[in-house]
Amino acid sequence: MNNPKYLVGNWKMHKTKQEATDYMQRFIQRFQALQPAAAKTILAPPYIHLDGLHQKIGQLPIALAAQNCHHQAKGACTGEISADMLASLGVAYVLVGHSERRALQEESNDLLQCKIERTIQANMRPILCCGESHQIRAQNLAPSFIQRQLQESLGNLTASQAAKLLVAYEPVWAIGTGQVASTGIITTMHQAIRDILIERFGPLGQQIPILYGGSCTKDNASSILACPNVDGALVGNASLDADHLIEILAAFK
Ligand code: PGA
């Protein structure tokens, strides 16, 4: 049987309550018309919308992801959100180590390792993001850079923990730039990630979903999804429009 495919819409820091409501009305209407969807559909809104979206989604096969979680279980961390809190809202996935957080919040691989463990302990699935900068690519160091990101943030993860893991390859230079990676680069990098996962976890590494992210749109989704070892897409900008995200979902067929 083929591995399941995944589509994640990452809203980042976008949408007021009313905008989220309007979006969901449109999205659900069109999503229902597409059933059965050919990919597991996951929305990653800002924290404050998670509960509202959960109510709106009801029994529909749409899952929720948080864009982050704190690395500690609980405590005096004003303004932070724990993995258990997210799980209690019906959240099933957590983005870990998005490049914007690595850059803006200076999140290190060691910190991400704690977040991955917290997420799994809370019975959710981490989506570990990795990806090289333009500078690293220009120096031909992309595969070794990714290898280090993965090794350091996966730490001592056991095979049973790794069964919950998803990885997203998101080259930093492709995020929000309109400069999508070529299918050649995607194929090479996803193969490199697959090899690292197999080396680390054995045959299980073959099952860990690897998503592509970075300027994915309805126009390029089919060719990205046709690349070997691409098990789905992590979509930022294009996910902000309900119709656009639905068109990308349709490209999984
Ligand atoms: P983008 O963002 O689709 O706007 O490039 C992807 C991401 O940051 O996850």
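FYI, the numbering just counts along the sequence from 1. Atoms within each ligand, like the ligands themselves, are counted from 1 in listed order.
- Counting all heavy atoms, side chain and backbone alike, Thr119 lies closest to Pro126 at CG2-N, 3.6 Å.
- The contact set between ligand 1 and Ser215, taken as ligand atoms under 4.0 Å from a residue heavy atom, comprises 1 (P), 3 (O), 5 (O).
- The nearest protein atom to atom 9 (O) of ligand 1, hydrogens excluded, is given as Glu170 OE2, 2.6 Å; this is a heavy-atom distance.
- Looking at Gln191 and Arg194, their side chains never bring a donor and an acceptor atom within 3.5 Å of each other.
- Listed for the Arg118 side chain is a donor-acceptor partner under 3.5 Å among the backbone atoms of His71.
- The shortest N or O to N or O distance between Gly236 and ligand 1 is under 3.5 Å.
- Within a 6.0 Å radius of CD in Glu199, other residues, nucleotides and ligands contribute 12 heavy atoms or fewer.
- Shown in contact with Asn10 at under 4.0 Å from a heavy atom are these atoms of ligand 1, numbered in order with element: 9 (O).
- Remark: minimum distance from atom 4 (O) of ligand 1 to any protein heavy atom is reached at Asn237 N, 2.8 Å.
- With ligand atoms numbered from 1 in the order given, ligand 1 contributes 5 (O) to contacts under 4.0 Å with heavy atoms of Ala174.
- Contact atoms of ligand 1 toward Gly176: 1 (P), 4 (O), 5 (O) (distance under 4.0 Å to a heavy atom of the residue).
- The nearest protein atom to atom 2 (O) of ligand 1, hydrogens excluded, is given as Lys12 NZ, 3.3 Å; this is a heavy-atom distance.
- For the residue pair Trp173 / Gln135, no side-chain donor-acceptor distance below 3.5 Å is found, with atom types taken as modelled.
- For ligand 1, the atoms lying closer than 4.0 Å to a non-hydrogen atom of His98 are 7 (C), 8 (O), 9 (O).
- Assignment of Cys129 to the shell around ligand 1 is not supported, since no heavy atom sits closer than 4.0 Å.
- Residue Gly214 places a heavy atom under 4.0 Å from ligand 1.
- Checked by atom type, the side-chain pair Asp22/Gln18 shows a donor-acceptor distance below 3.5 Å.
- Within the 4.5 Å cutoff, side-chain heavy atoms of Tyr169 are placed close to those of Glu132.
- The closest side-chain heavy-atom distance from Leu157 to Phe201 is below 4.5 Å.
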